Amino acid sequence: MAAGPEITAELRRLRARVPHLTGALAAGVDGLVLAHDTPGVEPEGVAALTAAALGVAVRMADATGQGDFRELLVRGMYGYVATYAAGDSAVLTVLAQDRVNVGRLHLEGRRAGARIGDVVDAYEAKARAARAREPRALPARPAPKPPVRTPLRPALPPPGTEPDPAPAPPPRTRSARGGATANARTTTES
């Protein structure tokens with residue numbers, strides 16, 4: 001993604017503003033990594049898990065009538081994993097130690113998510129506009145087949161000509177049993 005350096009710079013600024021952050025990554029809602037600053041953590045795995053958790057969180061918010069997804073916070077024994085909406089098609093996931101100020105984490109995470117969302121949405125809008133300007137190649141069409149027409153009735157001969165005589169019936173053959181016994185009637189007198 002061309003916006004990757006801008007997103008990476010925002011992730012680094014976020015880590016500088018919030019003490020006790022251990023990592024941050026931006027991912028698409030489909031689980032693909034857009035940019036990351038996650039030393040010691042596999043970003044592809046975290047992005048995939050973020051997409052799965054996001055799916056559950058979106059459904060939970062919808063089922064309970066809480067509106068669109070905004071954020072998700074998971075607290076473990078050693079720290080936090082926070083996920084924030086970042087525009088229409090991305091999310092920001094932040095990893096923090098247990099001693100982080102959660103209020104500050106939310107404040108800065110929401111702001112960074114909004115800025116990353118603006119960058120991603122602007123990039124996608126430019127990409128859509130570029131695709132719209134490209135000439136579209138028409139798909140190759142197979143050569144049209146001539147229509148098959150079946151006559152509704154037999155064709156009549158032109159006026160002033162004799163119609164063809166009816167074809168002769170096929171020759172009859174005798175069966176192997178013989179014709180004399182096939183239709184014979186037997187009667188028994190008692």
Side-chain angles (χ1 to χ4, degrees), residues 1-140:
M1 171 180 239
E6 293 176 63
I7 297 171
T8 303
E10 182 60 38
L11 296 178
R12 290 194 176 126
R13 285 191 297 269
L14 173 64
R15 287 194 61 194
R17 287 190 307 265
V18 181
H20 309 295
L21 284 188
T22 58
L25 71 89
V29 293
D30 56 359
L32 295 176
V33 176
L34 302 176
H36 68 91
D37 184 16
T38 55
V41 177
E42 180 187 345
E44 289 81 13
V46 174
L49 289 170
T50 297
L54 177 66
V56 172
V58 166
R59 289 180 64 189
M60 177 73 80
D62 187 45
T64 58
Q66 302 303 318
D68 292 339
F69 169 81
R70 294 288 180 242
E71 59 195 49
L72 171 67
L73 181 67
V74 176
R75 182 177 182 202
M77 182 183 287
Y78 303 114
Y80 295 89
V81 178
T83 300
Y84 302 95
D88 294 331
S89 59
V91 291
L92 167 67
T93 297
V94 179
L95 310 174
Q97 296 173 352
D98 189 38
R99 60 187 182 201
V100 72
N101 179 331
V102 177
R104 179 85 183 264
L105 175 70
H106 283 318
L107 178 69
E108 296 295 341
R110 291 171 188 151
R111 287 179 180 168
R115 284 190 287 271
I116 290 169
D118 290 343
V119 169
V120 171
D121 290 346
Y123 175 79
E124 288 187 353
K126 287 179 188 175
R128 278 193 301 272
R131 283 193 303 267
R133 286 191 304 266
E134 290 177 359
R136 294 186 183 186
L138 295 175

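These values consider heavy atoms only, across backbone and side chains, with no hydrogens, waters or symmetry-generated copies. Note that this is a predicted model, so its numbers are computed, not measured.
Taken from CZ in Arg75 to CG in Asp98, the straight-line distance is 5.0 Å, to the nearest 0.5 Å. Between Arg13 atom CZ and Thr8 atom OG1 the span is 10.5 Å, to the nearest 0.5 Å. To the nearest 0.5 Å, atom CZ of residue Arg115 and atom CD1 of residue Ile7 are 13.0 Å apart. For the atom pair CD of Glu44 and OG1 of Thr38, the computed distance is 8.5 Å after rounding to the nearest 0.5 Å. One finds the OG1 atom of Thr22 at 6.5 Å from the CD atom of Gln97 (value rounded to the nearest 0.5 Å). Put simply, CG on Asp121 and CD1 on Ile116 are 11.5 Å apart, with the number rounded to the nearest 0.5 Å.
Within the 4.5 Å cutoff, the side chain of Leu92 has heavy atoms near those of the Leu14 side chain. The shortest distance between side-chain heavy atoms of Val81 and Val46 does not fall below 4.5 Å. Inter-residue side-chain proximity for Asp37 and Arg15 is flagged as met; some heavy-atom pair is nearer than 4.5 Å. Contact of the Val18 side chain with the Asn101 side chain is not registered, since no non-hydrogen atoms from C-beta on lie closer than 4.5 Å. Between Leu72 and Thr50, the closest side-chain pair of non-hydrogen atoms is not below 4.5 Å. With a 4.5 Å cut-off on side-chain heavy atoms, Leu105 and Val94 count as touching.
Residues Val100 and Pro19 come closest through the heavy atom pair CG2-O, 3.5 Å. Nearest approach of Gly4 to Ala35, heavy atoms of both residues: O-CB, 4.0 Å. In terms of heavy-atom proximity, Leu11 sits nearest to Leu25 at CD1-CA, 3.9 Å. Annotation for Leu34 and Ala90: closest pair CD1-CB, 3.9 Å, computed over non-hydrogen atoms.
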Evaluate Val102 against Leu73 for side-chain contact (heavy atoms from CB on, under 4.5 Å), listing each step before the verdict. CA-CA 10 Å; Val102 177; Leu73 181 67; 4.3 Å; yes
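Identified under the ring pair (Phe, Tyr, Trp, His ring centres under 6.0 Å) test for residues 62-109, with sequence neighbours left out: Tyr84-His106.
Taking Arg104 as the reference, Glu108 meet the salt bridge (Lys or Arg N to Asp or Glu O under 4.0 Å) condition, with sequence neighbours excluded.
The residues Arg17 and Glu10 are annotated as salt-bridged, a charged nitrogen and a carboxylate oxygen being separated by less than 4.0 angstrom.
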